[in-house]
**Student:** 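Can you keep this structure in mind? I'll have questions shortly.
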Amino acid sequence: MKKLLDPRMMLITSMTIFGTIAVFVRNISVSSGELALYRAILAAVLIGLFLLITKQKIPFAKIKKEVPLLLASGMAMGINWILLFEAYKYTTVSNATLSYYFAPVIVTLVCPILFKEKLTGKQIICFAMSTLGLVMITGIGGAGNGKDFVGILFGLGAALFYATVILLNKFIKNVEGIHRTFLQFLSAIVILLPYVCLTSGVTLGTLNSKGWINLLIVGLIHTGITYCLYFSSLKELPGQKAAILSYIDPLVAVLISVILLGEPMTLLQAAGGGLILGFTLWNEISPKG
């Protein structure tokens with residue numbers, strides 16, 4: 001893959017595809033938990049076939065000490081998906097995405113506790129301004145309604161669990177990107193299967209042809225193929241360049257929300273989104289860059 005595709009284009013492509021997921025999710029009439037389960041299953045099958053065809057074996061003997069971390073991160077990923085899909089149901093794609101992108105801010109706040117790192121003045125400013133942006137998005141001053149607020153809370157919940165995935169991955173040293181993704185998808189299935197059985201149950205029979213097409217797109221393209229592109233590109237790109245390009249995802253999502261879906265977005269919310277994206281991006285760019 002590295003020889004066939006430029007890493008920069010791989011990341012741009014993956015981020016653009018990630019930014020369109022809400023459009024397809026809204027056309028799949030199953031519960032958020034059920035959708036997350038099918039997403040994990042389809043992606044795991046696709047990546048499993050890829051590993052089988054390319055004869056890439058997972059070095060279980062080498063990674064056995066990190067299996068608990070992989071299980072935990074996969075479970076966090078599954079919960080993250082459920083909460084994000086719920087956010088799409090309650091609020092606009094813009095609000096859900098921008099609140100979800102509060103995850104890097106959570107990571108910045110937690111890292112000093114877990115890794116004994118000192119918060120710099122720059123990080124404190126970024127945290128404060130991103131938090132102000134989040135307050136603006138929630139609709140202070142009458143910009144939002146109760147349903148929007150619930151959706152934003154779901155988005156923040158998704159951000160919390162995505163931050164958990166990021167932090168857990170910092171402890172995983174011996175597992176390659178595609179192997180890690182495959183095992184995390186399997187772990188997500190482990191927690192999502194009993195959750196679905198105890199809640200909504202399996203309702204695939206209710207899907208029409210449009211729903212099936214969108215489900216296959218979300219599972220195979222947005223998850224299986226795009227995650228492979230994403231992790232393959234990260235191995236080849238400098239961290240700062242990857243951080244900058246990763247903001248294509250929320251920008252595409254916001255543009256789709258406002259232009260394609262015609263969802264409302266006030267100037268206050270737009271300014272809040274700008275604060276979150278701008279200051280989290282600044283936080284990820286090193287002075288030497």
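Just so we're clear, the structure is a prediction, and the values are computed from it rather than from any experiment. Counting begins at 1 with the first residue of the sequence.
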**Student:** Side chains of Y88 and I21, heavy atoms from C-beta outward: is any pair under 4.5 Å?
**Tutor:**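 Yes; the side chains approach each other to less than 4.5 Å.
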**Student:** Below 4.5 Å, heavy atoms only, C-beta onward: do N80 and T164 meet side chain to side chain?
**Tutor:**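 A side-chain contact is absent here, since even the closest heavy-atom pair is not under 4.5 Å.
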**Student:** Over 60° means perpendicular and under 30° means parallel, so classify the ring planes of Y247 and Y101, tilted if in between.
**Tutor:**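 Aromatic pair Y101/Y247 classed tilted.
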**Student:** Please name all residues satisfying side-chain contact (heavy atoms from CB on, under 4.5 Å) with F127, sequence neighbours left out, ordered by chain then number.
**Tutor:**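 side-chain contact (heavy atoms from CB on, under 4.5 Å) list for F127, sorted by chain: V105, L109, T131.
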**Student:** In terms of heavy-atom contacts, does CZ of R26 have more than 12 from other residues, nucleotides or ligands at under 6.0 Å?
**Tutor:**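 Yes.
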**Student:** Looking at CZ of F154 and CZ of F85, how far apart are the two atoms once the value is rounded to the nearest 0.5 Å?
**Tutor:**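 Here the rounded value is 13.5 Å.
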**Student:** Would you please name every residue forming a ring pair (Phe, Tyr, Trp, His ring centres under 6.0 Å) with Y38, sequence neighbours left out?
**Tutor:**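 Testing Y38 for ring pair (Phe, Tyr, Trp, His ring centres under 6.0 Å), a comparison that skips the adjacent residues, returns none.
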**Student:** So, does K122 use its side chain to make a donor-acceptor pair with the main chain of W282 at under 3.5 Å?
**Tutor:**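 Yes.
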**Student:** Would a 4.5 Å heavy-atom cut-off, applied to side chains only, mark L277 and L251 as touching?
**Tutor:**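 They are in contact (side-chain heavy atoms under 4.5 Å apart), so the answer is yes.
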**Student:** Work out which heavy atom in T16 is nearest to a heavy atom in I12; give both atom names and the distance.
**Tutor:**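 It is OG1-O, 2.7 Å.
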**Student:** Could you check whether any side-chain heavy atom of F161 comes within less than 4.5 Å of a side-chain heavy atom of M75, counting everything from C-beta outward?
**Tutor:**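 No - every pair of side-chain heavy atoms lies 4.5 Å or more apart.
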**Student:** Run the salt-bridge test on K147 and E86 with the 4.0 Å N-O cut-off and return the result as yes or no.
**Tutor:**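 Between E86 and K147 there is no salt bridge, as every charged N stays at least 4.0 Å from the carboxylate O atoms.
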**Student:** If you measure from CE on M77 to CD1 on I191, what distance do you get to the nearest 0.5 Å?
**Tutor:**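 Rounded to the nearest 0.5 Å, the CE-CD1 separation comes out at 12.5 Å.
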**Student:** Which pair of non-hydrogen atoms, one from S14 and one from L229, has the smallest distance, and what is that distance?
**Tutor:**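 Answer, listing the atom of S14 first, then L229: CB-CB, 4.2 Å.
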**Student:** Excluding sequence neighbours, so at least two apart, what forms ring pair (Phe, Tyr, Trp, His ring centres under 6.0 Å) with Y162?
**Tutor:**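 So Y162 forms a ring pair (Phe, Tyr, Trp, His ring centres under 6.0 Å) with Y100.
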**Student:** Compare all side-chain heavy atoms of L183 with those of I63 and state whether any distance is below 4.5 angstrom.
**Tutor:**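 L183 vs I63: side chains touch.
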**Student:** Looking only at heavy atoms, what is the nearest atom pair of G273 and L98, with distance?
**Tutor:**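 Closest pair (atom of G273, atom of L98, distance): CA-CD1, 3.6 Å.
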**Student:** Determine whether M265 and V254 make a side-chain contact, defined as any pair of heavy atoms from C-beta on separated by less than 4.5 Å.
**Tutor:**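 Yes, their side chains come closer than 4.5 Å.
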**Student:** Are S99 and L134 side-chain neighbours, meaning at least one heavy-atom pair lies under 4.5 Å?
**Tutor:**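 They are in side-chain contact.
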**Student:** Mind checking what makes side-chain contact (heavy atoms from CB on, under 4.5 Å) contact with L132, not counting sequence neighbours?
**Tutor:**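 Scan of L132 (side-chain contact (heavy atoms from CB on, under 4.5 Å), adjacent residues dropped) gives M129, M136, L275.
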**Student:** Measuring only between side-chain heavy atoms, which start at C-beta, is E34 closer than 4.5 Å to L192?
**Tutor:**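 Not in contact.
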**Student:** Mind checking what makes side chain to side chain donor-acceptor pair (under 3.5 Å) contact with T91, not counting sequence neighbours?
**Tutor:**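 Checked T91 against side chain to side chain donor-acceptor pair (under 3.5 Å); matches are N95, D148.
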**Student:** Taking side-chain contact (heavy atoms from CB on, under 4.5 Å) as the test, write out the residues that go with I217, two or more places apart.
**Tutor:**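 Testing I217 for side-chain contact (heavy atoms from CB on, under 4.5 Å), a comparison that skips the adjacent residues, returns F24, I213, I221, H222.
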**Student:** Looking at the rings of F182 and F50, which for Trp means the six-membered one, are their centres under 6.0 Å apart?
**Tutor:**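 Not under 6.0 Å, so no.
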**Student:** Report the distance from atom CG of L160 to atom CD1 of I79, rounding to the nearest 0.5 Å.
**Tutor:**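 It comes to 10.0 Å.
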**Student:** Could you go through the side-chain contact (heavy atoms from CB on, under 4.5 Å) check for N169 and R180 one step at a time?
**Tutor:** CA-CA 9 Å; N169 279 338; R180 180 183 305 183; 3.6 Å; yes
**Student:** Using 30° and 60° as the class limits, which term best fits the ring planes of F185 and Y227: parallel, tilted or perpendicular?
**Tutor:**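 Aromatic pair F185/Y227 classed perpendicular.
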